[in-house]
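Position 1 is the first residue of the sequence, and the numbers go up from there.
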Amino acid sequence: METVANVLVGLVAALHAYILVMEMFLWQKKPGRALHGFDAEMARATAPMAANQGLYNGFLAAGLVWGLIAADPTGFRAQVFFLCCVVVAGVYGAVTANRRILFAQALPGALALAAVLIAQ
């Protein structure tokens with residue numbers, strides 16, 4: 001089960017690294033605009049906010065990677081903390097921005113969190 005948990009944590013970290021790239025570097029380009037259905041004007045107006053969000057997603061990814069490489073108990077605690085952050089951010093985003101975030105962010109985080117807790 002530990003291997004499954006590590007793979008899930010790695011996938012959630014990769015997802016948040018992807019979100020970082022989309023929000024910080026591709027927001028005004030075609031892939032970033034297509035993700036949210038924004039036209040060029042809206043993407044330009046929201047780019048600073050998106051870059052800030054992307055940075056936070058990068059911190060989540062970095063924390064999860066730290067959790068994967070740190071020895072226990074630090075690694076376990078870091079994984080639990082950052083996965084809880086992912087789930088909370090996903091639920092908040094689903095309530096305030098787009099319901100899709102619940103399935104794209106909160107659900108993978110919750111599954112990884114469950115796997116980490118079961119593996120312990």
Side-chain angles (χ1 to χ4, degrees):
M1 189 63 185
E2 186 176 344
T3 301
V4 170
N6 287 340
V7 168
L8 291 175
V9 171
L11 288 172
V12 173
L15 170 65
H16 285 274
Y18 169 76
I19 294 169
L20 173 145
V21 170
M22 291 299 285
E23 292 178 341
M24 291 190 80
F25 305 110
L26 301 177
W27 190 256
Q28 295 185 64
K29 297 183 178 10
K30 190 173 181 177
R33 290 195 326 260
L35 184 66
H36 293 286
F38 289 165
D39 60 18
E41 171 91 19
M42 179 61 96
R44 187 172 30 262
T46 59
M49 176 201 63
N52 186 275
Q53 290 175 179
L55 184 62
Y56 284 102
N57 279 287
F59 290 141
L60 292 173
L64 292 171
V65 169
W66 172 44
L68 285 172
I69 62 175
D72 286 336
T74 301
F76 169 76
R77 291 174 182 161
Q79 289 178 36
V80 170
F81 173 78
F82 284 99
L83 288 169
C84 286
C85 291
V86 166
V87 172
V88 169
V91 169
Y92 184 80
V95 170
T96 61
N98 188 323
R99 196 176 310 246
R100 198 175 61 172
I101 297 170
L102 187 66
F103 302 102
Q105 182 177 350
L107 181 60
L111 293 173
L113 178 60
V116 166
L117 292 172
I118 290 168
Q120 185 60 25

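- Connection of L83 to W66 is established within a shared hydrophobic cluster, with ILVMFWY side chains joined at heavy-atom distances below 4.5 Å, either directly or through further cluster members.
- Proximity of I101 to Y92: side-chain heavy atoms (C-beta onward) are nowhere separated by under 4.5 Å.
- Contact between V12 and A112 at its shortest, heavy atoms only, is CG2-CB, 3.9 Å.
- To the nearest 0.5 Å, atoms CG (L60) and CG (L20) are separated by 10.5 Å.
- How far CD of Q105 is from CZ of R100: 12.0 Å, rounded to the nearest 0.5 Å.
- Counting only heavy atoms from C-beta outward, the side chains of M42 and R33 never approach each other to under 4.5 Å.
- If you chain together hydrophobic residues whose side chains sit under 4.5 Å apart, I118 and L111 never meet in one group.
- Hydrophobic cluster membership differs between V88 and L8, with clusters built from Ile, Leu, Val, Met, Phe, Trp and Tyr side chains linked at under 4.5 angstrom.
- Under the 4.5 Å side-chain heavy-atom criterion for ILVMFWY residues, a single connected hydrophobic cluster contains both V21 and M24.
- Ring-plane geometry between H36 and W27 is classed as tilted, the angle between the planes lying from 30 to 60 degrees on a 0 to 90 degree scale.
- In this structure, V86 is a member of the same hydrophobic cluster as V80, with clusters built from ILVMFWY side-chain heavy atoms closer than 4.5 Å.
- Side chains of F76 and L117 form a contact here, defined as non-hydrogen atoms less than 4.5 Å apart.
- At a threshold of 4.5 Å between non-hydrogen side-chain atoms, the residues L107 and L102 do not count as touching.
- Taking CG of L26 as the reference point, atom CD1 of I19 lies at 13.0 Å (rounded to 0.5 Å).
- Closest non-hydrogen pair, A61 versus A13, comes out as CB-O, 3.4 Å.
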